[in-house]
Each structure stands twice: as structure tokens, then as C-alpha cells.
Amino acid sequence: MRIDVVSLFPDFVRQCAEVGVVGRAQQRKLLQVETWNPRDHAIDRHRSVDSSSYGGGPGMVMMIEPLRTTLQAMREAAPEPVHLVYLSPQGARLTQGRVEALAKLPRIGLLCGRYEGVDERLLAHEVDEELSIGDYVLSGGELAAAVIIDAVGRLQDGALNDAASAEQDSFSNGLLDCPHYAKPVQDALGSVPEVLLSGDHAAIARWRLKQSLGRTWLRRPDLLSRHGLDAVSRALLDEFRREHSLRGQPRQDDAAE
Ligand code: 4FV
């Protein structure tokens with residue numbers, strides 16, 4: 001997969017994509033991240049990329065030019081068509097489902113705004129999709145672009161040493177992830193749940209699903225209503241809730257016991 005990023009801070013984006021799983025995916029040629037700096041395509045001697053906002057008000061806006069020329073150069077740099085994403089709080093919320101869909105495309109573009117944003121005419125003409133990573137305001141789209149590069153990059157076939165780990169991701173089944181434990185078995189902070197030491201894989205899978213269901217019920221009930229539960233999951237959640245209410249504790253996570 002190829003990801004082209006349009007940003008006034010290309011080094012920052014490139015560095016984010018050179019570490020960990022995503023960095024390795026690039027080394028394994030599973031992912032190619034290219035950056036384009038609009039300032040390199042600026043047409044005036046001040047290499048301007050922004051101007052004041054018509055109608056007045058604080059802040060500057062990124063101009064149609066040099067963005068249009070930058071996007072044209074980007075599109076012509078490779079044969080695959082570009083699905084261009086603009087990162088902004090006005091976009092649809094990014095979800096794992098959307099990440100999985102983007103990860104299947106041969107090539108996406110990520111347009112990073114700065115200042116108050118980008119001239120609406122450029123967005124209307126060039127952008128295929130607007131995405132937000134959350135209801136808060138960043139100083140630029142680069143961090144959101146880095147989030148997408150990471151979330152999409154790790155799903156490239158062969159990026160994760162154990163492909164199974166992607167299947168067991170949070171949200172991959174619409175639920176929050178279960179608790180995880182590493183050595184030692186015993187610690188002053190507590191012990192690892194017995195079932196995880198049993199070697200009984202069916203019992204372990206059942207415990208993990210039960211914890212995922214319980215955590216989702218406790219922390220993100222909105223996700224439960226979004227994804228209907230099958231009979232097994234409903235029974236496991238009822239079991240979790242019974243045990244939870246028996247503990248008479250407020251609705252907080254108790255997997256750590
Ligand atoms: C943002 C977000 C975000 C808004 C103005 C960049 C900034 C500035 N992008 N999810 N939340 N973008 O705050 O994606 O141009």
C-alpha cells in the first residue's frame with residue numbers, strides 16, 4: 001500500500017512512520033509513505049501557503065495554490081488512483097471499521113491542514129473523504145495523519161508477526177480488549193487469573209470473551225448496543241453482570257481481582 005501525505009511538516013510525519021510495526025512494514029515493502037510539502041510548490045517569492053480568512057476573524061487559511069499544484073504532482077507520482085482524505089474535526093469519526101476499509105486500498109492520500117484549515121473550494125474539488133480522530137482541536141492534521149498511517153500500516157498483510165493479533169484487536173469484534181498479563185505469575189500487585197495458566201484454550205477463550213463483554217458493558221455500553229450479541233455472548237455477559245453485582249461494587253472494572 002502507498003500513502004502520500006501533504007504536509008508543511010513532512011519530516012514529522014515521515015519520522016512517525018519509521019518506527020515499530022509501521023517502520024518494519026516499510027522495510028518489508030508492505031507499505032510506502034511519501035510526503036509532499038506545499039511550500040515546495042509555492043509560486044510567490046515569500047513561498048506563501050496561507051492568507052487571511054475572508055470575512056475577517058482570527059487566523060489564516062491555507063490557499064488553493066500551492067495545494068492544487070502539490071496534489072497534482074502527488075497524483076502523477078504513481079499510477080494508482082488516490083483516495084484523498086482530509087483530516088479535520090468536521091470529518092466523520094475514525095473507527096476500526098473505517099481503518100480496515102482504508103487498509104484494503106492500493107493508495108490513499110492524507111491532506112494535513114494547518115492554521116484554521118484549508119480553502120473550502122480546494123476541499124470540495126479534491127477531497128474524497130473527511131475524517132476526524134476526535135472531538136478536539138489540534139494545531140495541525142499531522143498527528144491525525146500519523147494515527148491513520150499507524151492504524152492502516154499495521155493491518156498490511158505481513159506487518160504484524162502474528163496476524164492473529166490483528167484479529168484479536170480491540171474493536172475487531174466490536175468489543176473492548178480483555179485484560180492481558182505477563183510474568184511474573186505472582187506479584188505484590190496480585191496474581192495472574194488461574195484460568196490463563198490452565199492451558200485449557202477453550203476456557204481461556206471463554207474467560208477472555210467474558211472479560212471483553214464485561215469491560216465493554218462497564219466502559220463503553222454504546223458499543224454493546226451498536227453490535228448485537230449472540231446467545232453465547234449474552235449468557236457470558238449476564239454471568240459477568242451477576243458476579244459483578246454480587247460484588248456489590250459500583251460499575252467499575254473488576255477483572256484485576
Ligand atoms: C483534527 C482532528 C484537527 C483543525 C485545524 C488542524 C486541526 C487545523 N484533524 N481530527 N480533531 N485538525 O483538530 O483530525 O488546521
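The hydrophobic cluster containing Tyr86 also contains Met60, counting ILVMFWY residues as joined when their side-chain heavy atoms lie under 4.5 angstrom apart, directly or transitively. No path of Ile, Leu, Val, Met, Phe, Trp and Tyr side chains, each step under 4.5 Å between heavy atoms, connects Leu122 with Tyr54, placing them in separate hydrophobic clusters. Hydrophobic clustering of Ile, Leu, Val, Met, Phe, Trp and Tyr side chains at less than 4.5 Å, counting indirect connections, unites Leu138 with Val147. Side-chain heavy atoms closer than 4.5 Å link hydrophobic residues (I, L, V, M, F, W, Y) into clusters, and following such links, possibly through other members, connects Val33 to Val82. Side-chain heavy atoms closer than 4.5 Å link hydrophobic residues (I, L, V, M, F, W, Y) into clusters, and following such links, possibly through other members, connects Leu236 to Leu229.
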message: Checking Leu160 against Val21 for the side chain to side chain contact (heavy atoms under 4.5 Å, CB included) test, could you report, in this order, the C-alpha distance in whole Å, the side-chain angles of both residues, the deciding distance, and whether it holds?
response: CA-CA 7 Å; Leu160 294 171; Val21 168; 3.9 Å; yes
- request: List the steps and the verdict of side chain to side chain contact (heavy atoms under 4.5 Å, CB included) for Val118 and Val127.
  value: CA-CA 11 Å; Val118 173; Val127 167; over 6 Å; no
- request: Show your working on side chain to side chain contact (heavy atoms under 4.5 Å, CB included) between Asp4 and Val6 and close with a plain yes or no.
  value: CA-CA 7 Å; Asp4 290 88; Val6 174; over 6 Å; no
- prompt: Hey, mind stepping through Cys112 and Leu8 against side chain to side chain contact (heavy atoms under 4.5 Å, CB included) and telling me if it holds?
  reply: CA-CA 8 Å; Cys112 302; Leu8 293 171; over 6 Å; no
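Between the Ser132 side chain and the Ala92 main chain, no donor and acceptor come within less than 3.5 Å of each other. Looking at Ser191, its side chain never comes within 3.5 Å of a backbone N or O of Gln186 through a donor-acceptor pair. One N or O on the side chain of Arg39 and one on the backbone of Arg47 form a donor-acceptor pair closer than 3.5 Å. Using a distance-only test at 3.5 Å, with no hydrogens or angles considered, a donor-acceptor pair links the side chain of Arg28 to the main chain of Gly158. Side-chain atoms of Ser48 never come within 3.5 Å of backbone atoms of Asp50 as a donor-acceptor pair (strictly under, hydrogens ignored). A donor-acceptor pair under 3.5 Å links the side-chain atoms of Asp128 to the main chain of Leu84, judged by distance alone. Between the side chain of Ser198 and the main chain of Val195, a donor-acceptor pair closer than 3.5 Å is present. Gln26 contributes no side-chain N or O that, together with a main-chain N or O of Val22, makes up a donor-acceptor pair within less than 3.5 Å. Not a single donor-acceptor pair under 3.5 Å links the side chain of Thr35 to the backbone N or O of Val5.
No side-chain heavy atom of Asp157 sits less than 4.5 Å from a side-chain heavy atom of Leu30. A heavy-atom distance below 4.5 Å is found between the side chains of Leu175 and Leu224. Pro66 has its side chain within reach of Val49: a pair of non-hydrogen atoms, C-beta onward, lies under 4.5 Å apart. Side-chain contact between Met1 and Pro106 is absent, with no heavy-atom pair separated by less than 4.5 Å. At least one side-chain heavy atom of Leu102 sits less than 4.5 Å from a side-chain heavy atom of Glu129. Proximity of Arg208 to Leu196: side-chain heavy atoms (C-beta onward) are separated by under 4.5 Å at one or more points. By the 4.5 Å heavy-atom criterion applied to side chains, Trp36 and Leu71 are not counted as neighbours. Phe12 has its side chain out of reach of Ser7: every pair of non-hydrogen atoms, C-beta onward, lies at least 4.5 Å apart.
Here the closest non-hydrogen pair linking Ala73 and His41 is CB-CE1, 3.8 Å. Looking at every heavy atom in both residues, Leu31 comes nearest to Gly153 through CD2-CA, 4.0 Å. The two residues Ala151 and Val99 have their closest heavy-atom pair at O-CG1, 3.4 Å. Annotation for Asp187 and Pro184: closest pair CB-CG, 4.2 Å, computed over non-hydrogen atoms. When all heavy atoms are compared, the tightest approach of Leu110 to Ala145 is CD1-O, 3.7 Å. The minimum heavy-atom distance between Gly174 and Leu223, with the atom names listed, is O-CB, 3.8 Å.
When the shell of 6.0 Å around CZ of Arg93 is examined, it contains more than 12 heavy atoms from other residues, nucleotides or ligands.
Ile204 contributes atom CD1, which lies 8.0 Å from atom CG of Leu197 (distance to the nearest 0.5 angstrom). To the nearest 0.5 Å, the span separating CZ on Arg14 from CD on Glu142 amounts to 12.5 Å. Rounding to the nearest 0.5 Å gives a distance of 10.0 Å between CD of Glu126 and CD1 of Ile64. A distance of 4.5 Å separates CG of Leu67 from CE of Met62, quoted to the nearest 0.5 Å. Distance check: Asp40 CG to Thr69 OG1 gives 12.0 Å after rounding to the nearest 0.5 Å. Here the OG atom belonging to Ser233 is positioned 10.5 Å from the CG atom belonging to Asp238, to the nearest 0.5 angstrom.
Checked for salt-bridge contact, Glu80 and Arg2 miss the test: no charged N lies under 4.0 Å from a carboxylate O. Between Glu34 and Arg107 no salt bridge is recorded (no basic side-chain N to carboxylate O distance below 4.0 Å).
Classified by interplanar angle (parallel below 30°, tilted 30° to 60°, perpendicular above 60°), the ring pair Phe240/Trp217 is perpendicular.
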